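To keep things clear, I will list the structure first and then write my remarks on it.
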Amino acid sequence: DLYYATLGLDVFPLQPNSKIPYPRSNGCKDATNNAAAVDAWWTVEPDANIGIATGHLVDVIDIDGPAGVQSWAAMLEEPPVITVTGRVSTPRPGGNHLYVAATGTGNRAGVMPGVDYRGVGGYVVAPPSRITAGPNPGSYVWHVPLNLEGA
């Protein structure tokens with residue numbers, strides 16, 4: 001929402017309680033940090049979840065479940081060391097979004113078991129978004145606040 005836009009992040013609305021963009025939208029291709037556009041979106045849809053387009057200021061390492069946690073632990077033992085600029089817990093057990101500086105790289109599923117990479121052309125759901133249905137209901141929560149000085 002407007003907070004993320006003021007940081008320079010490109011955002012767009014997702015359907016309430018969902019990870020899915022609104023019908024007839026272009027999803028992350030519509031993302032912007034223009035305050036007037038962002039304010040207009042959330043004035044019309046105040047309950048919308050927040051999507052952050054990756055590949056601009058930030059990319060995100062998406063860790064899912066126990067396999068992802070194990071893979072991330074193994075990656076930390078290998079050079080080069082990745083500087084994490086923020087960490088969000090996701091509703092999925094063991095789920096985390098690790099924010100890193102944008103690299104210009106695109107999306108890649110299955111970097112390692114339980115680990116995906118969100119870069120150019122991708123997006124993630126941002127706090128305080130909530131998912132209330134499905135196998136893993138819950139909220140997205142910052143556990144390490146975003147520090148764009150490291151991005």
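Model, not experiment: these values are computed from the prediction.
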Walk me through it: do Leu146 and Thr85 pass the test side-chain contact (heavy atoms from CB on, under 4.5 Å)? CA-CA 6 Å; Leu146 187 60; Thr85 60; 3.8 Å; yes

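- The main-chain N or O of Gly122 is found under 3.5 Å from a side-chain atom of Thr54 such that the two form a donor-acceptor pair.
- Here the side chain of Trp42 pairs a donor or acceptor atom with the backbone of Ala48 at under 3.5 angstrom.
- Linking ILVMFWY side-chain heavy atoms closer than 4.5 Å, directly or via other members, places Val120 and Leu9 in two distinct hydrophobic clusters.
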Given side-chain contact (heavy atoms from CB on, under 4.5 Å), test Leu148 with Tyr99 step by step and report yes or no. CA-CA 9 Å; Leu148 290 177; Tyr99 284 68; over 6 Å; no

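- Val11 has its side chain within reach of Ile52: a pair of non-hydrogen atoms, C-beta onward, lies under 4.5 Å apart.
- Between the side chain of Asp59 and the main chain of Thr103, a donor-acceptor pair closer than 3.5 Å is present.
- By the 4.5 Å heavy-atom criterion applied to side chains, Pro23 and Gln15 are counted as neighbours.
- Between Val124 and Tyr140, every side-chain heavy-atom pair lies at or beyond the 4.5 Å cut-off.
- Of the possible donor and acceptor atoms, none in the side chain of Ser139 sits under 3.5 Å from a partner among the backbone N and O of Pro128.
- Residues Thr32 and Trp41 meet the side-chain proximity criterion, which asks for heavy atoms closer than 4.5 Å.
- Considering only heavy atoms from C-beta on, Ser71 stays 4.5 Å or farther from Ile63 through its side chain.
- A continuous path of hydrophobic side-chain contacts links Leu14 to Tyr3 [ILVMFWY only; heavy atoms under 4.5 Å].
- Side chain of Asn107 to main chain of Gly119: a donor-acceptor pair is present (N/O by atom type, distance under 3.5 Å, no hydrogens or angles).
- Side-chain N or O atoms of Asp39 include none that pairs as donor or acceptor with a backbone N or O of Ala35 at under 3.5 Å.
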Should Asn17 and Ile131 be marked as a side-chain contact (heavy atoms from CB on, under 4.5 Å) after you check the CA-CA gap, both sets of side-chain angles, and the distance that decides it? CA-CA 4 Å; Asn17 301 312; Ile131 307 294; 5.8 Å; no

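- Residues Val111 and Leu98 are members of one and the same hydrophobic cluster, defined by side-chain heavy-atom contacts under 4.5 angstrom among Ile, Leu, Val, Met, Phe, Trp and Tyr.
- The backbone N or O of Gly110 sits less than 3.5 Å from a side-chain atom of Asp116, completing a donor-acceptor pair.
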